[in-house]
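Take a look at the structure set out below.
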Amino acid sequence: MKSAEHLPNRKRMSDTEKQKRLVLIDGSGYIFRAYHGLPPLTRKSDGLPVGAVAGFCNMLFKLIKEHRGDDAPSHLAVIFDAGSKTFRNEIYDQYKAHRPLAPEDLIPQFPLIREATRAFGLPAIEMENFEADDLICTYTHLAKKDGFKVTIISSDKDLMQLVDDDVSLMDPVKGTLVGREGVIEKFGVPPELVVDAQALIGDSADNVPGAPGIGVKTAAQLLLEYGNLDAVLARAGEIKQEKRRQTLIDFKDQILMSRELVTLRCDSPTPVDIDTFILKEPEQDVLLTFLGLMEFNSLAKRVGGNSLSLLQASSALDKLPTAPILRPLYSATKQGSAEAAIQPIHRETYECVQSMEALEKWIACAYEAQVIAIDTETDDLSASHSGLVGISLAVGVNQACYIPLAHTSNEGFDFGDGGGIEQIDFQTAIAALKPLFEDPTILKVGQNIKYDLSVLHRHGIDVAPYDDTMLISYVLEGGLHGHGMDELSELHLGHTPIPFKQVAGSGKSAKSFKYVALKEATEYAAEDADVTLRLWHILKPRLQREGLVTVYETLERQMPAVLSEMELAGIRIDPAILQSLSHDFGTRMNAIEQEAQALVGRPFNMNSPQQLGQIFYDEMQLTGGKRTASGQWATDVKVLEEIAEGKPGLEAGQPLARMLLDYRQMAKLKGTYTDALTGYADKNTQRIHTSFHLAATPTGRLSSNEPNLQNIPIRTAEGRKIRQAFIAKPGHKLISADYSQIELRILAHIGDIPQLKEAFQRGDDIHAMTASEMFNVPMEEMTSEIRRRAKAINFGIIYGISAFGLSNQLGIERGEAGRYIETYFDRFPGIKGYMDATKAFVSANGFVMTLMGRKIHIPEINGKGALKSFAERAAINAPIQGTAADVIRRAMMRMPQALLDAGFTTKMLLQVHDELIFEAPDSEVEAVIPLIKHIMSDATLPALEMSVPLIVEAHAALNWDEAH
DNA sequence: GCAATCACG
DNA sequence: GACGTACGTGATTGCA
């Protein structure tokens, strides 16, 4: 064995200078082995997946224990892959392109595993754009120059190219050392020819093409015969076997590229010096704290201590270098963080940063703090267009600053010179902040951070990692109150931040933030960052205490980045179509208005419900009209339709009601859509950029505003014309993919209704099936009217049905509606059971939960009478609507990476509750649709297996109307 | 700033 | 027995 060979050498050296031995561990390989080798373990207190972390810790523990004594390494480091893309993707975009995505429950464990490494007192090394193998190669070369012996622990055969007298490779599975002979055994060539051999052989796992038809044997034979790859290629013409000769000539470029791909780089940047790899015992309290927090109790015992309680562990917390994902968990135990956060606000301590020296000082503080709050100020409210005016940072309680970047005193006349205001050059400041904002070890906290992500992205900064206090609050207290900063500040800090109105004015006198004087701007903006950081200290630890970490991590945290990308992409419209529709609607409205005024005999406002009530009930003397809640005459569609039908007492209003119905429809379409939408379109790109709100609804649904693209007409033929104006850019198609009947499917699953589940599994018409069950009509004899009634009942159930509501919807007697409901409950008893259980649960707890664990608070359940009934219906609806919302969120979070990994450039543009809209190049349409369907259909996996299939329908077309 | 209306899921 | 209702959004308009 190798060690015997080197024994004399080492002994001799140990008299004077001990032989330095470096062990480099391929951490990424370890992760996957740990993950696949263990059952999917989760942390007991909050369900965070930690199986791979546990396996990894066990391996490190074993490794350290085994490497004590005589031939113990003097230096050791664990090397990781930094990301999925490296310089090799620039050489060959298909490199590793067929690799499957990391499993969902493994992703949050990557940062934890780096943390585990540090807790064991070992350096965790990675470098963006390079693979772990490149770093291993680089450090190996450096170490050899320094007189080290190197052992690489990895099962990756690529590393065999590094083996020589001073470098050996250890297979962690078999525990065997691979030396020169081992390499020859594997490749048939010595280590120095491994790269040439791999270039010929290729690698299907990494998608390295190599030379078609040439395998290990042939490669070795060729290389040994000609000496090396260059010689093989140069003398390819001499090869006798015709096919082999032709392959080597035809695929020369591909083989050379393959060699470039498999050659490890020994010149990658090195984040730290080898000296820092010097091996030392782990600090017991730090390691035990980590193991305690991970709740690895048996390993903690083996390491030596009794397992520590979180509180006892807190003294060790500050010694632990913390990765962002773990930091918040530690903070849960930090007495004082949350307490410090409620100290009084001192705005006078905020600093206005006007020089690079000052900015560099703040950036240094930010690195020290590791968790900082950021906030951007802009010249208007639209994240996709507004200009960046300044940035504020908070690094601690009352430690906040504002960095003005584009302020000016030339109000109304922006000469771009700042009007003599002293501020750092815009690009210089951006360049200085970019590394901080993108540093993977610094957690950036924002309040509604989607806005800041969008603004900063347009200046070349991709903020990561981040937390969002608005979303943390939403997870903790959704349904109890709003989640805007001012409201949260009042609630948790008892502090009223300076209202925006106070600094920028409101209404007509409102001015852009760039004209706000620096003193006021600093107080306002720095306070926002200060408050945000304080809120984070108070709210984030509660996620863990209340068992909501997984909900936050899997349903919220990625959404700001996903939505920011969608909003910035926007969707293209054809203004000519909208203008032509506007003109058409306008002409017809005018004609109707003339007619109606002639009929009434005087001018009146067609848009005034009040005047209409007067005309119908005072002047025309109609009887039997309804009134609204506030006592006005009701003139909504329902009432107008009754009048238009000419019911007794209402005949006189018939012609006018018809006119109004037509007028109203067109006024709505023109005013809300055809006129307004063109105004939202970007002049250059003709694209509309909506804003999605993540914390607007109690159920987890998104909302869309400015403009609302979730209520574009579809139900009438006239309305659908508006959808035709939403188009794909040239060479592209829009793809609309929507979940079919998702809420009813979720109801079938939650209520465990056998007939519904079976019908969905068979793919039956669900409303017809319901009708058949309820009304004892065989499917073959189903009429559209009976089916319509059943459909209304199905929807009614989702809304927390009442006889009144159903009778209203179907236009039938209340008693009859009541009998329908009884029949329904009789046929589907599971639904009654779900409704009763939900009512009991919400009464006892004040909230209900979705299948994915999102809490929806319904405080009104403690009210009386109508308020309580209202709350009960909301409680019945919330888990259904909320689970559907969770499902599409999961799909959305996975979609961008899935598209990217599969090599598509298709972009996700819009979400409309159960539908996603994409823009795809024509060449991708056919292949991308199955991927989209797959991501959406399987969105609940692996966390939740539905007993009903989630079916997704998708179509592509040039416009939204035809795609749907 | 609220009420009424109506567009969507 | 009265209450007053279908669940969840956002935009526009009129009117105080």
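A, B, ... follow the sequence lines: proteins, then strands. Residue 1 opens every chain.
- When all heavy atoms are compared, the tightest approach of A:Asp468 to A:Ile449 is OD2-N, 2.9 Å.
- Residue A:Asn711 is in base contact, counting any heavy-atom pair closer than 4.0 Å across all strands shown.
- When heavy atoms are screened at a 4.0 angstrom cut-off, A:Ile798 is found touching no nucleic acid atom at all.
- Using a 4.0 Å heavy-atom criterion, one finds that A:Arg814 contacts the bases of the nucleic acid, with or without backbone contacts as well.
- Nucleic acid contact class of A:Ala696 (heavy atoms, under 4.0 Å, all strands): sugar-phosphate only.
- For a distance-only test at 3.5 Å, the side chain of A:Arg873 fails to qualify as a donor-acceptor partner of the base of C:dG8.
- Residue A:Ala817 is out of contact with every strand shown, counting any heavy-atom pair closer than 4.0 Å.
- A:Ala634 comes within contact range of the sugar-phosphate backbone alone, with a heavy-atom separation under 4.0 Å but no base atom that close.
- In this structure, A:Lys638 and A:Asn808 have side chains that are in contact, with non-hydrogen atoms separated by less than 4.5 Å.
- Per the geometry, CD belonging to A:Gln911 stands 12 Å off P belonging to B:dG9, to the nearest Å.
- To the nearest angstrom, P of B:dT5 lies 13 Å from CZ of A:Arg627.
- Residue-level contact check: A:Glu915 touches neither bases nor backbone, having no heavy atom under 4.0 Å from any strand.
- Within 4.0 Å of A:Glu706, counting heavy atoms only, lie sugar-phosphate atoms of the nucleic acid but no base atom.
- Distance from the side chain of A:Ala792 is smallest to C:dA6 among C:dA6, C:dC7, B:dT5.
- Put simply, CG on A:Asn808 is 9 Å from C1' on C:dT5, counting in whole angstrom units.
- Within the nucleic acid shown, A:Phe870 comes within 4.0 Å of sugar-phosphate atoms alone, with no base atom in reach, counting heavy atoms only.
- A:Phe828 has its ring centre less than 6.0 Å from the ring centre of A:Tyr824.
- When heavy atoms are screened at a 4.0 angstrom cut-off, A:Ala676 is found touching the sugar-phosphate backbone but no base atom.
- Taking only side-chain nitrogens and oxygens, A:Ser802 never comes nearer than 4.0 Å to OP1 or OP2 of C:dG4.
- Picking from C:dA11, B:dA4, C:dT13 the nucleotide with the shortest atom distance to the side chain of A:Asn607 gives C:dT13.
- Using a 4.0 Å cut-off, some side-chain N or O of A:Ser703 falls inside it from OP1 or OP2 of C:dG10.
- Straight-line distance from the NE2 atom of A:His913 to the P atom of C:dT9: 10 Å, rounded to whole Å.
- Note on A:Gly671: only backbone sugar-phosphate atoms sit closer than 4.0 angstrom, heavy atoms only; bases stay farther off.
- What separates NZ of A:Lys626 from C1' of C:dT5 is a distance of 14 Å, to the nearest Å.
- For the pair A:Arg658 and A:Glu645, the salt-bridge criterion is not met [side-chain N within less than 4.0 Å of a carboxylate O].
- A:Leu806 comes within 4.0 angstrom of a base, heavy atoms only.
- Ring pair A:His767/A:Phe795 is tilted by interplanar angle, where 30° to 60° counts as tilted.
- Taking only side-chain atoms of A:Ile801, from C-beta outward, the nucleotide of C:dA6, C:dA16, C:dA11 with the closest atom is C:dA6.
- Among the protein residues, A:Arg664 comes within range of the sugar-phosphate backbone only, with heavy atoms under 4.0 Å from sugar or phosphate atoms but none that close to a base.
- Distance check on atom C1': C:dA2 versus B:dT5 gives 29 Å, rounded to whole Å.
- A distance of 6.0 Å or more separates the ring centres of A:His964 and A:His955.
- One interatomic measurement links the two molecules: CZ of A:Phe795 to P of B:dC8, which rounds to 14 Å at whole-angstrom precision.
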